[in-house]
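This report refers to the structure that appears directly beneath it.
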Amino acid sequence: MPCVKTRASAPGKIILFGEHAVVSGTPAIGSAVGLRARVTVEDLPGRLEIALRDMGLTVTGFSVGPNGEVISLGSSEEAARAARYVAGVVRELDARDIRVIVESEIPVASGLGSSAAIVVAALAAVSSHMGLDLSVNQVAAQAHGIEKMVQQGLGSPMDTALSAFGGYQMVCGGASPLELPAIEMVVGCTSRPHDTRSEVARVQELRSAYPEVIGPIFQAVGEITRRAIPCIRDGSLMELGTLMNMNQGLLESIGAGTRELSELIYAARGAGGALGAKLTGAGGGGCMIALPEPGRQRDVLIALAQSRGSGFPVKTGAEGLIVETGIR
Ligand code: MEV
């Protein structure tokens, strides 16, 4: 009898406005984008296996520690580290006798929400394969808990909410959906990975050292974020670009920029003719986003390539979690 599989996919994300300031309570806006993580689950009687197809890594015969760490004698350290988000899902659901296959188009350690998309897709695929009927709300909440556990306490609900629900989300404490139209943007990645945890810690230390300086900067970021909402709703792209550039200036002031990110940002605004460009996520490496003039996505992509960045076009407001059951 052919084995019946369950598959789920979830999107990555970009933060449009408000990163870092959101950690201190001002609003941030993020959007799901078309890059997706896909997780397929099939029966594997008597065994438990995680296969990370893009990395060519497999983890088998393992147990999972209290923070989702993978304890395995037979697997490399690299495989065990890469598999820990899926292992967190396996532990949460007490799953067994399955193979979990992960494939992802989302670059890792780049601030594009790859770990959240994998956790959301894995949680939905494994729970559905086990016959558990989790709502999207439950998937989003549990996935956020698992991501936080693996990252040891860090992580706003932005990434898991966007991966589960798609569209746009505003985060201010919790996450809530925003009904806004899609816009065409470009993502450009530097070759330097970023580390959200250490960037957030560094910025929060700066805030403690200079509260009178950083407090008003975060207030200004919050105001930029609030003003961006009607611009996206009404298609006021010129003003939206100006707000992105202002947000970037403030991110520079708290040390989140890097030379590589600036090169891509100025290439997009200059030769690419972008209306606005800023880093996305925690900074210190990772990716930037640019808002092209309508019909000029290609010009921005060429400008990024000329500055040694890898760029790809995205549309905001992409679809959230999709689950397919009974695949043969
Ligand atoms: C990271 O993608 C965004 C930050 O604001 C951290 C967070 O919101 O958890 C830097």
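Note that ligands are numbered from 1 as they come in the structure, with each ligand's atoms numbered from 1 the same way.
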Sub-4.5 Å side-chain heavy-atom contact between Cys231 and Thr242: no
Heteroatom proximity flag, His20 to ligand 1, N/O under 3.5 Å: yes
Test item: side-chain donor near acceptor, Glu147 and Ser115, under 3.5 Å: yes
Atom indices of ligand 1, in the order listed, that fall short of 4.0 Å to a heavy atom of Val22: 5 (O), 8 (O)
Atoms in ligand 1 flagged as close to Gly281, the criterion being non-hydrogen separation under 4.0 Å: 2 (O)
Greater than 12 external heavy atoms within 6.0 Å of Arg202's CZ: yes
Distance-only donor-acceptor check, side chains Ser262 and Glu252, under 3.5 Å: yes
Proximity to ligand 1 by part of Ile15, non-hydrogen separation under 4.0 Å: side chain
Glu19 neighbourhood, listing ligand 1 atoms whose heavy-atom distance to it stays under 4.0 Å: 5 (O)
Per-atom contacts, ligand 1 versus Val200 - under 4.0 Å to a heavy atom: 6 (C), 10 (C)
Donor-acceptor contact present, side-chain Asn245 to main-chain Ala277, <3.5 Å: yes
